[in-house]
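Written below as structure tokens is the structure these notes are about.
Sequence lines set the chain letters: A, B, ... in the order given, protein chains first and strands last, and positions in each chain run from 1. Excluded from the calculations below are hydrogen atoms, water molecules and symmetry mates; all remaining heavy atoms, backbone and side chain alike, are included.
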There are 2 protein chains.
Amino acid sequence: MTSRTPRPRERGIPEATVARLPLYLRALHGLSERGTPTVSSEELASVAGVNSAKLRKDLSHLGSYGTRGVGYDVEYLIYQISRELGLTQDWSVAIIGAGNLGRALADYGGFGTRGFRIAALLDADPKTVGREVAGLSVRHIDELEDVVSDEKVSIGVIATPAAAAQGVCDRCVGAGVGSILNFAPVVLNVPEHVDVRKVDLSIELQILAFHEQRKAVGRRGPGWADALEV
Amino acid sequence: MTSRTPRPRERGIPEATVARLPLYLRALHGLSERGTPTVSSEELASVAGVNSAKLRKDLSHLGSYGTRGVGYDVEYLIYQISRELGLTQDWSVAIIGAGNLGRALADYGGFGTRGFRIAALLDADPKTVGREVAGLSVRHIDELEDVVSDEKVSIGVIATPAAAAQGVCDRCVGAGVGSILNFAPVVLNVPEHVDVRKVDLSIELQILAFHEQRKAVGRRGPGWADALEV
DNA sequence: ATGTGTGAATTAATTCACAGCA
DNA sequence: TGCTGTGAATTAATTCACACAT
């Protein structure tokens with residue numbers, strides 16, 4: 001069987017909520033920069049692009065951090081969400097693959113966001129090794145294990161070609177990496193205790209194509225879609 | 001309130017299923033290249049990284065394309081899923097933003113996958129315009145509307161800095177683009193009929209950090225997590 | 001025999017709607 | 001009065017388990 005128990009939620013925060021907390025956090029940082037002291041669930045939800053009931057329910061899983069009749073204190077909520085997400089400490093990240101994508105990721109400010117630091121950028125190609133990217137010198141993939149243990153890397157970002165991804169993943173896991181962010185278009189096999197998230201351009205495009213097609217069919221007028229069914 | 005019935009699923013395919021179809025398709029292409037003529041739900045599910053009950057339920061939404069006691073014909077299933085996803089036709093894609101990320105995306109083979117073609121790569125920076133990337137000459141953002149209508153672009157990929165994203169999105173929508181794939185770390189506002197999907201590095205990292213933290217807390221032994229609660 | 005297709009059961013996520021606190 | 005926090009209701013997604021076609 002290919003089933004796996006989907007890890008019981010330890011502190012009881014639903015996965016769907018966890019996936020939205022970063023969104024709220026970003027919205028709050030925006031408000032904070034603008035000097036807004038408090039915000040209602042309606043306002044915050046609107047900025048984050050969700051509805052207010054969902055936002056309140058999500059926040060209620062963290063605790064009672066709002067004030068009835070007033071709203072949420074922006075700074076306080078930023079702190080609480082950051083703490084919940086584990087952003088009050090720093091996480092070391094290694095990017096494996098210094099091709100176009102790997103370099104784009106390294107350059108991308110997204111890491112700079114509180115809580116993450118790029119410990120190394122690694123590649124298998126000797127011509128790429130040594131090259132300077134985002135203030136880092138690209139290191140050879142054979143240094144992976146050393147980097148992971150020396151820099152206490154807990155998150156590996158895989159930006160290699162598809163064919164190399166599983167091998168690199170295995171090495172990461174073997175070296176002690178606990179989470180993988182995979183940009184290669186393959187399904188990675190990892191042991192139970194390792195978390196994997198994937199970012200897949202062509203999957204996203206195909207999902208959009210599905211919806212585009214549906215819209216196009218509708219546009220031809222009703223009846224068509226049904227007529228196509230066997 | 002902006003409540004509205006959440007678009008009735010025209011052919012009744014659940015969104016969660018749509019999101020997995022590309023995964024099955026990729027797995028099937030792998031089997032096809034290896035010359036495998038038929039595959040069971042158990043095997044296909046294993047390759048695609050889901051469980052077999054889910055796979056069968058998903059496929060059942062498309063129709064009865066398997067044979068009891070045998071499995072699914074690989075080529076036939078590829079065709080059916082492709083058709084369902086709208087990949088039997090070509091979709092024109094415009095990439096807006098030719099920075100590191102935009103160039104990486106343009107170079108990325110992922111588009112080459114049946115069904116998509118990059119109609120243009122656009123940028124606002126005069127120094128970038130004219131540059132050759134992935135066999136395309138970068139065009140100026142002011143040509144956006146022309147490109148969209150001339151090339152019948154239906155999907156816009158936004159790879160600009162956050163600050164520019166909403167403006168670019170508005171122009172895409174105004175020009176007739178029906179779907180947006182957003183790589184900028186902002187929530188885009190679009191009219192009802194436009195689909196948006198987002199790819200967000202820092203959100204993914206934050207979700208992984210949450211799980212890493214949870215694992216780390218557990219590792220310290222039980223009791224700790226509760227002791228931290230107020 | 002074997003493995004699909006699917007109702008029924010279960011679990012998760014969302015939304016409603018309002019009691020109750022500031 | 002205004003807005004949070006949350007039970008209750010609803011809807012969506014997953015998993016079970018087995019009848020039945022091949």
Side-chain angles (χ1 to χ4, degrees), chain A residues 1-21 23-24 28 31 36-74 76-77 80-81 207 230, chain B residues 1-21 23-24 28 31 36-74 76-77 80-81 207 230:
Chain A
M1 255 309 265
T2 346
S3 114
R4 169 146 1 143
T5 43
R7 187 202 300 286
R9 296 193 308 264
E10 274 175 44
R11 293 278 305 275
I13 300 183
E15 195 52 37
T17 295
V18 172
R20 282 188 295 265
L21 291 179
L23 225 52
Y24 304 152
L28 285 164
L31 292 169
T36 316
T38 63
V39 65
S40 71
S41 65
E42 195 72 45
E43 294 165 319
L44 182 52
S46 151
V47 179
V50 302
N51 71 43
S52 59
K54 196 186 281 182
L55 174 89
R56 287 201 303 281
K57 178 70 87 178
D58 282 342
L59 293 185
S60 78
H61 288 114
L62 314 192
S64 256
Y65 298 141
T67 308
R68 294 171 195 237
V70 180
Y72 301 89
D73 180 278
V74 171
Y76 185 56
L77 194 50
Q80 290 299 346
I81 294 180
I207 295 170
V230 185
Chain B
M1 255 307 265
T2 343
S3 153
R4 168 131 19 130
T5 43
R7 187 205 299 285
R9 296 193 307 266
E10 272 177 45
R11 296 275 309 273
I13 300 183
E15 195 54 36
T17 294
V18 172
R20 281 187 297 264
L21 291 179
L23 225 52
Y24 304 151
L28 285 164
L31 292 169
T36 316
T38 63
V39 66
S40 71
S41 64
E42 195 72 43
E43 294 165 320
L44 182 53
S46 153
V47 179
V50 302
N51 71 43
S52 58
K54 196 186 278 181
L55 174 88
R56 287 202 303 282
K57 178 71 89 181
D58 282 343
L59 294 185
S60 78
H61 288 114
L62 313 192
S64 256
Y65 298 140
T67 308
R68 294 175 193 233
V70 179
Y72 301 89
D73 180 278
V74 171
Y76 185 55
L77 194 49
Q80 290 298 346
I81 295 180
I207 295 171
V230 186

If you compare every side-chain N and O of [X] against the phosphate oxygens of [N] (OP1, OP2), does one of them come in below 4.0 Å?
| X | N | value |
| --- | --- | --- |
| B:Asn51 | D:dT14 | no |
| A:Lys54 | C:dA13 | no |
| A:Ser41 | D:dT4 | yes |

Pairwise 5' ranking along DNA chain C for B:Lys57 and A:Thr67, keeping only the more 5' one: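 Final value for this comparison: B:Lys57.
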Write down the distance between [atom1] ([X]) and [atom2] ([N]), rounded to a whole number of angstrom.
| X | N | atom1 | atom2 | value |
| --- | --- | --- | --- | --- |
| B:Leu59 | C:dG3 | CG | P | 16 Å |
| B:Arg56 | C:dG5 | CZ | P | 9 Å |
| B:Arg20 | D:dA13 | CZ | C1' | 8 Å |
| B:Asp73 | C:dT4 | CG | P | 13 Å |
| A:Tyr72 | C:dA22 | OH | C1' | 14 Å |
| A:Arg68 | C:dA19 | CZ | C1' | 8 Å |
| A:His61 | D:dT6 | NE2 | P | 9 Å |
| A:Glu15 | C:dA13 | CD | C1' | 12 Å |

With side chains defined as the heavy atoms from C-beta onward, is the minimum distance between A:Tyr24 and A:Leu55 less than 4.5 Å?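 SC-SC contact between A:Tyr24 and A:Leu55 confirmed.
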For a side-chain contact (heavy atoms from CB on, under 4.5 Å) check, start with the C-alpha distance between B:Lys57 and B:Thr17, then their side-chain angles and the critical distance, and finish with the verdict. CA-CA 9 Å; B:Lys57 178 71 89 181; B:Thr17 294; over 6 Å; no
Going from CG on A:Leu31 to CD on A:Glu43, what distance comes out if it is rounded to the nearest 0.5 angstrom?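 Interatomic distance, A:Leu31 CG to A:Glu43 CD, rounded to 0.5 Å: 8.0 Å.
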Enter the distance from B:Arg56:CZ to B:His61:NE2 here, rounded to the nearest 0.5 Å.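 The distance works out to 13.5 Å.
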